Structures are given as C-alpha cells and as structure tokens.
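Written out below as structure tokens is the structure these notes cover.
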Amino acid sequence: MSQFRAHSMLPGFNLALGFTLLYLSLIVLIPLSSLFLKAATLGWGGFWEVATGERVLASLRVTFVTSFAAAVLNAFFGLVVAWVLVRYSFPGKRIVDALVDLPFALPTAVAGITLAMLYAPNGWLGHYFAAHDIKIAYTPLGIVVALTFIGLPFVVRTVQPVLADVEADVEEAAASLGAGRWDVFRRVIFPALYPALLTGFALAFARAIGEYGSVIFIAGNMPYISEIAPLLIVAKLEQYDYAGATAIAVVMLLISFALLLSINGLQWWSSRRGVR
Amino acid sequence: MATQTQRRISTHESRNVTLLLISVALIYLLLFLGLPLFAVFYEAFSKGWGLYWAALQEPDAWSAIELTLLTAAIAVPANLVFGVAAAWAIAKFEFRGKSLLITLIDLPFAVSPVVSGLVFVLLFGAQGWLGQWLQAHDIKLIFAVPGIVLATVFVTFPFIARELIPLMQAQGKEEEEAAVSLGASGWQAFWRVTLPNIKWGLLYGVILCNARAMGEFGAVSVVSGHIRGMTNTMPLHVEILYNEYNFVAAFAVASLLALLALVTLVIKSLVEWQSRRLGYAMKPLTQPTKSGA
C-alpha cells in the first residue's frame, strides 16, 4: 500500500477521490486561477495603478465602512436575538427561530428591491425618516440596511449553540456568591460567548464585503459615495475593461482569504476555550 | 425563604428586562425580516389578482422561470454527485492532504458572487483565454445559457458536500465495512447502508443548494448578457422589470421566489427537527467547515 493513504477494506476510494479532484479543478480551481493569471499579465505596476485608483479606493472604503457598520449592528442585535431564543419562551418562538434563516433562502435581488421600496423617501419606513430629513435608500445608509439584512443569521446562529451550552451551575455559583444579574452576564456569560460573537461578527462582515444583489437596488450607486467594490467590477466589465475588473477582484479575493483565515483562527480559539 | 428569592432574582432577569429583551429582538426581526417578506406579497397583489396573473403569464416571465428551473435541474444534481463522491472519499478513508481538500471545497463561499461570474468571463469570454478558440468553433458560453449554468454550479458548489462530510464522518465506516465483509459490493454497501443513513443530510443539502441555485443574482448577472426571453433567469427578470418601473410585475415574479424561500425554510425546519430526533444536528450554513476535524 502506498504512503498516500491508510489501508481500508472499503472500495471506491480512487473513483470517489478522482472524481472529486477532477470536478473541483474544473469548476473551482481552474476558473479561479484564471483570475490570477489575468492579474499577472497586468504586471505589478499596472496592477498597483488600477488597485489604488481613486474611484477603486473610494468603492473599497464604502464597502468596508458599510459592511463594518452592518456587522456591528448584527453583533449587538444578533446577541439579543440569540439570547431571547435560547433563554426565554414565548408564543411563536419556533416560527421566529426558523425565520432567522430567511436571508439565506430569499434571493438577494428580491431582498434588494423590497428593501429599496420600504426605505425609499416615500416608502413605508422611509417616509418616517424623510419627515426628519434623513434619507436611507440611495445613500450609504441604505447599503448598511441591505447588508444588515444579509448578515442577520450569522451572529444569531454562531452564538445560539454556545449560549445553550453555558452551564447553569456556573451562573448559580456566581449568583450565590453575591453577584448581581448584570455582573453575572458581564463576568461569566459574556466571556464564554465572546469568541463566538466575534466569529459571527467576522462571518457577517465577510459576507457583506462580497454582497452585490441586495445592495445595488438600494444604494443609489453614486461613484465615490455609494458605489460598492463589486459594482465597480461590473461597471468595468461593461466597459470591457477586463484588466481593471480583474485587479479589483484580486484585491477583494485576497481580503476574503485573509478574513477566512482569521475566522478559522477564531474558531480554533473558541473551541480551545470550550475545552477549558 | 429569603435566600431562595435572592437566588431566583439573580439567575433570571427581572420581568421587565425579559420583556424588554424579547421586544427588542422581535422588533428587530420584524423590521428586517417580517416586514420585507410581507411587503413582497403586498406589492405583488397591490393592483389585484388580474395584474398579478397577467405579469406571470408574460412570455418573458415564462422563459425566465423555465431557464431558472433548467439551471437548477443541472446544477443541483451535478453538485449532488460531487457532494456524495467527496464525502465518501473524505469520510470513509484516511489520506494525506485531506484538510486542504476540505478547505478548497469551501472556497466558493469566500468568493464574491460578482467575482464568481467574472472568472468565467475571463476564461470563456470574447477576450478570454479560450475565447478565440470557442469563437472559431462557433461555441458561445458567455452571454448564453451554459455560462449561466457554470456560474450557478460554481456558486452552489460547496452546499451538499459540506453537509454530507461532517454527517458521514460522524457515522463512521463500521456499518459499510460489516456489509462488505458479509459479501456486499461497494455499490450495494452504498445504496443499502450509506444512503439510508445520510438521506436527511442529503435532502437538507439539496434544498439549500436549490434555493441558492434558483435565487443567485450577482454571478449570473455577470455572465448572462441580460437578453430578454433568452438568458434571463427569474432574479434577473425581476431586476429588469424593476428598472423599467414595472413594480407590480417585478414583485409578482419576486413573490414566486419569496414563496420558494418560504418552502425552503419549512422543509429545512422539518429536516432539522427530524435529524435532532435522530440525535444529529445539521450543520448550519453560517459555519465554515472545520478542516482539522
């Protein structure tokens, strides 16, 4: 037997792994590598020139700031939602729990047009804000609304199982030693939840950075103000500027990979704390 | 007893705090989930059933529905076969590079939908690596149906595999080994032993994969070319109608997609409930696969 794999009495290893690697290469690896090959033809100077162009930097800034704001909103409210779903019971709780995953199931374009309609200056929610001279749709605030919708399940679903695992006797011990409820939360429960909360935050942030469908309807898409990086890629493609589109795509891909790595690190950290 | 009341107060929040937290959570979910969901149907029917039906019976709407169904009918089975093969290799055998393989399978989740479309334009587009060759042989992949299918397969690539891998790892390989040692062939062991064991996980992965395949927008938008009646999927058709200020028709088509989302959530909840009864928690979509499993 080769060193490559351990002996097994089950058949089908070569067929299954062979097909897996072939399919993975054809669908994912070769197409993705075409991106880096294209970027390489730009040369370092050309790549740098596109990637640091004024409009590109502005779109990356819009993407980052709005994604961060949406992830912060979701971290706070997601924690409250997870807490309520784990700790309390109320009528219709199972339906509410199932509905949390709606942003995964609802196509992003549907979310986009609906949120744009709701938050437009004459929309159901938008007109309340318009009365106070606040515009949400067609401004960066609108982008935050769409990204909050998209990222909503991440913090809830990451925190929920960890919160369910917090041992009641630790809380009781702290309480019997005289800690108030707020102290118990701050000193006992929150430290246990913190890694999961941070992981959920990072997942929501990562998802928001690449998001396109739900944002473009509500953003207004003004260059330098409310134009997100994925939209700029589409704009460059429509002008047949493949090189420009590729350079932005590579920057975004590298950011995603960096986030993925830090999320893996966070999970490793949180599972180690779980063992302790 | 005084100590007992003291304890009850300290391990539970006061009634007011409880009510406050429940209210905050429900208002947040109502604003961001409930209201948009309701609004889709409200807008779709705002001008009555007649206009709703008329919008859905339009030839362009029909061709968009057909293309969406066709795309899902190719992408889901393709990723299903892949998911089963990958899970069989990863869960039933020990080999070097396994954790790298698991990480690579999750890769499409880290790629922006727009970038997922872009890579196929770079490969097969007119200026792409294979563009000249394809043109010489009169094959059109980009701005045509094959490109839409390819982009959808890419975007939904991990869905079924990442559900099956942890499930089959948790089940181990003893049952299959017993079947094989009793004289069953590999295929028999798979059909009679493995498949009944993973059917709920399989269904779970398939419905989530299907929802994304039918609803994908960004990646498909980049490769589609937006030719009405030809290369428009339902989400792309929604965009066109919306940009033409034909809101009733846009929300009518959107309501079908919202219905799909609701059906997906119902089946998903049923499968989760069923599998919890069997003692296994389905892997939520939000969690990246742990490669060091």
Side-chain angles (χ1 to χ4, degrees), chain A residues 4-6 8-13 16-17 19-20 23-24 27-28 31-32 34-35 38 77 80-81 83-84 88 90 96 98-99 101-102 104-110 113-115 118 149 152-154 157-158 171-172 175 181 203 210 212-213 230 233-234 242 245 249 252-253 256 260 263, chain B residues 7 10-11 13 18 21-22 24-25 28-29 32-33 36 39-40 82 85-86 88-89 92-96 104 107-108 110 112-115 118-120 122-123 127 129 153-154 157 173 176-177 180 186 211 215 217-218 222 235 238-239 242 250 254 257-258 261 264-265 269 284-286 288:
Chain A
F4 173 58
R5 73 171 171 110
S8 167
M9 63 183 293
L10 290 177
F13 176 74
L17 189 68
F19 179 74
T20 300
Y23 191 80
L24 176 72
I27 301 291
V28 178
L32 270 185
S34 76
L35 191 69
K38 181 75 186 179
F77 287 104
V80 175
V81 171
W83 180 274
V84 165
Y88 306 143
F90 52 90
V96 171
L99 203 63
D101 282 327
L102 181 72
F104 284 135
L106 193 70
T108 52
V110 177
I113 64 167
T114 313
L115 292 171
L118 286 175
F149 172 85
L152 197 146
F154 288 95
R157 293 297 188 234
T158 320
E171 286 179 50
E172 276 169 24
R181 192 59 190 149
L203 286 165
Y212 174 73
I233 294 178
V234 174
Y242 285 30
M252 292 195 56
L253 210 57
S256 307
L260 200 69
I263 290 166
Chain B
R7 190 149 138 186
S10 319
T11 52
E13 294 75 50
T18 305
L21 288 175
I22 292 181
V24 168
Y28 184 68
L29 294 179
F32 277 98
L33 301 182
V40 175
F82 161 72
W88 181 266
K92 307 291 177 190
F93 300 92
E94 293 305 323
F95 57 93
R96 261 199 265 166
L104 288 178
L107 208 53
S112 168
V114 169
V115 178
L118 171 67
V119 295
F120 290 103
L122 292 179
L123 264 184
Q127 299 179 30
W129 301 104
V153 171
F154 179 96
F157 181 87
K173 53 185 179 180
E176 284 85 357
E177 282 174 344
V180 168
F217 180 77
V222 170
V238 168
E239 182 198 20
Y242 184 84
L257 291 169
T264 302
L265 286 185
S269 301
L285 261 179
T286 45

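Just the heavy atoms: all of them, side chains too, but no hydrogens, waters or symmetry mates, feed the values below. Chain letters run A, B, ... following the sequence lines, proteins first and then strands; every chain starts at 1. Small disclaimer: the values here were computed from a predicted structure and weren't measured.
Contact between B:Glu177 and A:Leu10 at its shortest, heavy atoms only, is N-CD2, 3.8 Å. Of all non-hydrogen atoms in A:Ala16 and B:Trp88, the two that sit nearest each other are CB-CD1, 3.7 Å. The minimum heavy-atom distance between B:Leu21 and A:Val84, with the atom names listed, is O-CG2, 3.4 Å. A:Leu118 approaches B:Ala39 most closely through the heavy-atom pair CD2-CB, 4.0 Å. Summarising the geometry of A:Ala249 relative to B:Leu118, their closest heavy-atom pair is CB-CD2, 3.4 Å, with the distance given to 0.1 Å. Taking each heavy atom of B:Leu123 and A:Pro31 in turn, the nearest pair found is CD1-CA, 3.7 Å.
The most heavy-atom pairs under 4.5 Å with chain A, out of B:Val180, B:Val153, B:Val238, B:Leu122, come from B:Leu122. Chosen from B:Ala258, B:Gly186, B:Gly215, the residue pairing most often with chain A at heavy-atom distances under 4.5 Å is B:Gly215. Your options are A:Leu17, A:Val81, A:Ile27, A:Val110, and the one with the most heavy-atom pairs under 4.5 Å with chain B is A:Ile27.
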**OP:** Decide side-chain contact (heavy atoms from CB on, under 4.5 Å) for B:Thr18 and A:Phe90; before the verdict, give the C-alpha distance in whole Å, the side-chain angles of both, and the deciding distance to 0.1 Å.
**Re:** CA-CA 11 Å; B:Thr18 305; A:Phe90 52 90; over 6 Å; no
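Using a 4.5 Å cut-off between heavy atoms, A:Phe104 contacts chain B through its side chain alone, with no backbone atom that close. Contact of B:Leu33 with chain A is made through backbone and side chain together, with heavy-atom distances under 4.5 Å. Using a 4.5 Å cut-off between heavy atoms, B:Val40 contacts chain A through both its backbone and its side chain. Contact of B:Val119 with chain A is made through backbone and side chain together, with heavy-atom distances under 4.5 Å. Proximity to chain B (any heavy atom under 4.5 Å) is shown, for A:Met9, by both the backbone and the side chain. Proximity to chain B is limited to the side chain of A:Ser8, based on heavy atoms less than 4.5 angstrom apart. Heavy-atom distances place both the backbone and the side chain of A:Leu99 under 4.5 Å from chain B. Only the side chain of A:Phe19 comes within contact range of chain B, with heavy atoms under 4.5 Å apart. The contact between A:Tyr88 and chain B is made entirely by side chain atoms (from C-beta outward), counting heavy-atom distances below 4.5 Å.
A distance of 10.0 Å separates CG in A:Leu106 from OG1 in B:Thr264, rounded to the nearest 0.5 Å. Once rounded to the nearest 0.5 Å, the distance linking CZ of B:Phe120 with CG of A:Leu35 reads 11.5 Å. Taking CG of B:Leu29 as the reference point, atom CG of A:Leu102 lies at 10.5 Å (rounded to 0.5 Å). Within the model, atoms CG of A:Leu24 and CZ of B:Phe82 stand 6.0 Å from one another, a figure rounded to the nearest 0.5 Å.
At least one donor-acceptor pair under 3.5 Å links the side chain of A:Ser256 to the backbone N or O of B:Ala110.
Side-chain atoms of B:Tyr28 and A:Leu152, non-hydrogen and from C-beta on, do get closer than 4.5 Å to each other. Counting only heavy atoms from C-beta outward, the side chains of B:Leu104 and A:Val28 never approach each other to under 4.5 Å.
A ring-centre distance under 6.0 Å is not found for B:Phe32 and A:Phe77.
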